[in-house]
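Protein chains get the first letters and strands the later ones, always in sequence-line order, with residue 1 at the start of each.
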Amino acid sequence: MYRSHYSKDVTKKDYNKSITVAGWIEDIRNIGSIAFVILRDRKGTLQLTVLKKKNPGLFEKLTSLSRESVISVKGVCKENEKVRNGYEILPEGVKVLSIAKTPLPLGVVDKVEADFDTRLDNRFIDLRKQKNQAIFTIRNAVIAAVHEYLRSQSFIEVHTPKIIASSSEGGTDVFKLKYFEKEAFLAQSPQLYKQSLMASGLDRVYEIAWYFRAEEHNTRRHLNESTAVDLEMAFINDEEEVMNVLENLVYNMWKRASERKNELKILDKEISVPELPFARIVYDEAVNKLQDRNSSIEWGQDLGTDDERLLGDIMKEKGTEFYFITKYPLESKPFYTMSEGEKYSRGFDLACKGVEIASGSQRIHDVKLLEERMKACNLNPKDFEFYLKAFKYGMPPHGGFGFGIERFLMKLLDIKNIRECILFPRDRTRLTP
RNA sequence: GCCCUGGUAGUGUAGUGGUCUAUCAUGCGAGCCUGUCGAGCUCGCGACUCGGAUUCAAAUUCCGGCCGGGGCGCCA
């Protein structure tokens, strides 16, 4: 056995007993006749204290190891007020499981901070840092909240193909790949498939989906491979029903994150749970407000980065960090978006702190209208035959949204670079690790 | 795709044509030290992104490649 206890799981009951701990050597402080070895595991750190006089061989063995080597140590757990954990371990036996090469390409607890590029090149070490462990623990918690909430609302989790024959929606660039003798693409989103499922009777579906986008953007808020909560629901009256699911989902994710006190403390963050329902602002009103603040936005345009930020400020003055922008102009939304009158659509975005984190709509379920909209958007209905077929044999009214997980984490934890929110980011130039 | 900007020891940096045998910190190695927890002290190790050009002289100026960082467009 390599481990009987994690560092944080040791309690007073374990004092004066022999326990086994395992992990990475974070630091060795050799004072001469006594040495302190800081051992790190997933839950924190603990201190091993060795006396030279008591066990010269063990002292030599431990203090000559390199930082970040992996060991398992059996020893007596002693209460000691001088130690931060309140206890220390007096080793009796050490198993060296792996010796780390020196020098490290990246220090885990060094005083000099490395560039993000260097960190990503050595991500396996970078992820040993407490802050990064905290980010991904919270990521896990919010994804758990997604499953918990959506399943409680009768949604079922689905998985749609990522290798597809035609581009999902047009608009964005897609990655091409060889599929035996054919050409195929990586899915930019599950849009067409989750809509097809609305004709299957499954009614309410969601997917933690991969998005692959070949756009050559190079910003702190874009990835070429990202994840999203993609959802679709049938028999809706209007997009308001979809927005209602979305705001409750976000609320539950935010709430679950706020319960991760330890991780939030490590990240030096306080999270206050937003109030429901979120504010709604129609697109026209948003444009008016922006124009009042000297934005050059014109009706019909999508909000630029500055506009999004400015609207975020305006809404914050009103005391809200979450808000839906509704009734977008039809021309600025994808072909499958349900129209409302001539100019408007039933499409919406959800913004948080001045950044769009989700967008959705009621969809068109009438096949004729759908084909018309495709043509209006310069798409060829022939390229979407499998999709259109699903609308011809009984398709209920439906709607849904896509909701970026990394974007959400960025806003939740006020992280500046989206790459911090995914284990191994893929961007314009990075393909490894 | 467009615009701006950078590349110096393992890591992060100083350096604006000669005084660079290249600064400092951290790291690594050796030594001293019985309560460290950003341990301390002594000694040592270790670098100018690549190719070309200008010049008596280039880390420093110019051109190109490669690799980063930031902003915009677009989006999640």
Side-chain angles (χ1 to χ4, degrees), chain A residues 26-39 45-54 59 63-64 66-68 78 80-86 88 90 100-122 125-126 169 171-173 188-191 209-230 246 301-309 332-334 349-352 355-360 401-411 416-419 421-422 427-430 432:
Chain A
E26 189 162 283
D27 197 15
I28 298 169
R29 291 187 277 269
N30 184 352
I31 312 298
S33 299
I34 187 169
F36 308 98
V37 177
I38 309 302
L39 193 71
T45 58
L46 57 80
Q47 177 171 295
L48 311 170
T49 305
V50 253
L51 283 161
K52 196 178 203 169
K53 217 160 61 178
K54 215 171 159 188
F59 184 93
T63 55
S64 62
S66 52
R67 294 197 307 167
E68 297 303 317
K78 283 278 178 199
N80 191 333
E81 283 178 4
K82 289 182 212 160
V83 188
R84 280 189 184 152
N85 290 14
E88 62 191 347
L90 310 177
K101 239 180 97 179
T102 60
L104 295 164
L106 179 71
V108 177
V109 288
D110 284 5
K111 288 110 207 166
V112 283
E113 187 55 33
D115 284 350
F116 196 33
D117 193 49
T118 308
R119 289 173 45 207
L120 287 177
D121 283 341
N122 302 282
I125 295 181
D126 187 49
E169 318 168 24
T172 189
D173 293 321
Q188 75 176 75
S189 86
Q191 184 65 33
W210 288 102
Y211 284 11
F212 300 97
R213 299 190 175 178
E215 282 165 15
E216 299 190 14
H217 37 46
N218 195 358
T219 78
R220 293 181 305 177
R221 29 173 229 295
H222 287 95
L223 293 165
N224 291 290
E225 186 184 68
S226 68
T227 58
V229 181
D230 239 286
L246 177 54
Q301 290 178 336
D302 218 339
L303 274 61
T305 307
D306 288 342
D307 292 320
E308 281 188 359
R309 221 170 276 147
S332 70
K333 284 286 165 190
D349 283 355
L350 174 64
C352 172
V355 172
E356 179 188 333
I357 58 169
S359 82
F401 58 79
F403 171 24
I405 291 169
E406 289 82 19
R407 280 272 174 97
F408 174 85
L409 278 171
M410 248 180 124
K411 290 290 120 185
K416 296 281 186 304
N417 193 326
I418 197 164
R419 281 164 263 223
C421 301
I422 190 162
D427 61 31
R428 176 68 187 82
T429 49
R430 183 172 286 278
T432 57

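Contacts of A:I357 with the nucleic acid, taken as non-hydrogen atoms under 4.0 Å apart, involve only primed sugar atoms and P, OP1 or OP2. Within 4.0 Å (heavy atoms only), A:T227 reaches no atom of the nucleic acid at all. When heavy atoms are screened at a 4.0 angstrom cut-off, A:E26 is found touching no nucleic acid atom at all. As judged by a 4.0 angstrom heavy-atom cut-off over every strand, A:I405 is placed among residues making no nucleic acid contact. Within the nucleic acid shown, A:E225 has no heavy atom closer than 4.0 Å to any nucleic acid atom. Contact annotation for A:V109: no contact, since no heavy-atom pair falls under 4.0 Å across all strands. A:I38 comes within contact range of no nucleotide atom at all, as no heavy-atom separation falls under 4.0 Å. A:A358 comes within 4.0 angstrom of the backbone, heavy atoms only, and of no base. Base contact: A:N80 has a heavy atom under 4.0 Å from a base atom. Residue A:A114 is in sugar-phosphate contact alone, with no base atom involved, counting any heavy-atom pair closer than 4.0 Å across all strands shown. Among the protein residues, A:D27 comes within range of the sugar-phosphate backbone only, with heavy atoms under 4.0 Å from sugar or phosphate atoms but none that close to a base. Among the protein residues, A:D230 comes within range of no part of the nucleic acid, since none of its heavy atoms lies under 4.0 Å from any strand.
Across all strands shown, B:C62 forms a Watson-Crick or G-U wobble pair with B:G52, both key distances being under 3.5 Å. B:G73: no Watson-Crick or G-U partner with both key distances under 3.5 Å is found in any strand. Pairing for B:G46 is absent, judged as Watson-Crick or G-U wobble with the two contacts each under 3.5 Å. Under the Watson-Crick and G-U wobble criteria, each requiring two contacts below 3.5 Å, nucleotide B:G17 is left unpaired. Shown here, B:C32 forms a base pair with B:G40; the pair counts as Watson-Crick or G-U wobble because both key distances fall under 3.5 Å.
Not one side-chain nitrogen or oxygen of A:N85 sits closer than 4.0 Å to the OP1 or OP2 atom of B:C37. Between B:C28 and A:S66, no contact under 4.0 Å exists linking OP1 or OP2 to a side-chain N or O. A close approach under 4.0 Å does not occur between any side-chain nitrogen or oxygen of A:R119 and OP1 or OP2 of B:G68. Under 4.0 angstrom from either OP1 or OP2 of B:A39 there lies at least one side-chain N or O belonging to A:R29. Checking the phosphate oxygens (OP1, OP2) of B:G68, no side-chain nitrogen or oxygen of A:R419 falls inside 4.0 Å. The side chain of A:T102 contributes no N or O atom lying less than 4.0 Å from OP1 or OP2 of B:C28. Using a 4.0 Å cut-off, some side-chain N or O of A:K111 falls inside it from OP1 or OP2 of B:G27. Within the structure, every side-chain polar atom (N or O) of A:T49 is placed at least 4.0 Å from both OP1 and OP2 of B:G35. OP1 or OP2 of B:G12 sits under 4.0 Å from a side-chain N or O of A:T118.
Taking the C1' atoms as reference points, B:C66 lies 23 Å from B:G12, given to the whole Å. Here the separation of B:G64 from B:C28, taken at their C1' atoms, is 37 Å to the nearest Å. Look at the P atom in both B:G46 and B:G6: the space between them is 31 Å, to the nearest Å. B:C63 sits 11 Å from B:U54 when the C1' atoms are compared, rounded to a whole Å. As rounded to the nearest Å, B:U36 and B:A76 have C1' atoms that lie 48 Å from one another. On the C1' atoms, B:G38 is 23 Å away from B:C43, given to the nearest whole Å. Separation of the C1' atoms belonging to B:A58 and B:G52 is 14 Å when rounded to the nearest angstrom. The same atom, P, is picked in B:U5 and in B:A59; the two are 24 Å apart, to the nearest Å.
Judged by atom type and distance alone, A:R221 does not reach the base of B:A76 through any side-chain donor-acceptor pair under 3.5 Å. With hydrogens and angles left out, the side chain of A:K52 and the base of B:U34 share no donor-acceptor pair within 3.5 Å. Between the base of B:G73 and the side chain of A:E215 there is no donor-acceptor pair shorter than 3.5 Å. Scanning atom types as modelled, no donor and acceptor separated by under 3.5 angstrom connect the side chain of A:R430 and the base of B:C67.
A:L39 pairs in a side-chain contact (heavy atoms from CB on, under 4.5 Å) with only one of the listed residues (A:T45, A:L46, A:D27), which is A:L46.
With B:G69, B:U34, B:U36 as the candidates, the nucleotide lying closest to the side chain of A:I34 is B:U34. Listed nucleotides B:G27, B:C75, B:A25 differ in distance to A:D110; the shortest reach to its side chain belongs to B:G27. Listed nucleotides B:G69, B:C72, B:G35 differ in distance to A:R309; the shortest reach to its side chain belongs to B:C72. Each of B:C33, B:G73, B:G70 was ranked by its minimum atom distance to the side chain of A:I31; first place goes to B:C33. Relative to the side chain of A:P103, the nucleotides B:G70, B:A76, B:G10 differ in distance, and B:G10 lies closest.
A:N224 and A:R428 make their closest contact through ND2-N, 3.0 Å (heavy atoms, listed as atom of the first residue, atom of the second, distance). Shortest non-hydrogen contact noted between A:E225 and A:W210 is CG-CE3, 3.8 Å.
A:D110 has its side chain within reach of A:R67: a pair of non-hydrogen atoms, C-beta onward, lies under 4.5 Å apart.
For the pair A:S66 (side chain) and A:A100 (backbone), a donor-acceptor distance under 3.5 Å is present. Between the side chain of A:R221 and the backbone N or O of A:R407, no donor-acceptor pair lies under 3.5 Å.
Ion pairing between A:D121 and A:R430 holds under the 4.0 Å rule for side-chain N and carboxylate O. Ion pair A:R220/A:D427 not flagged as a salt bridge, since none of the NZ, NE, NH1 or NH2 atoms sits closer than 4.0 Å to an Asp/Glu carboxylate oxygen.
How far CD of A:Q47 is from NZ of A:K82: 10.5 Å, rounded to the nearest 0.5 Å. The distance from the CD1 atom of A:I38 to the CD atom of A:E26 is 7.5 Å, given to the nearest 0.5 Å.
Projected onto RNA chain B by closest heavy-atom contact, A:Q47 and A:R67 fall at different nucleotides, the more 5' of which corresponds to A:R67. Taking the nucleotide of RNA chain B with the nearest heavy atom to each of A:R220 and A:K82, the more 5' of the two is matched to A:K82.
Rounded to whole Å, atom P of B:U36 lies 17 Å from atom CG of A:L90. Going from atom CD of A:E68 over to atom P of B:C28 covers 10 Å, rounded to whole Å.
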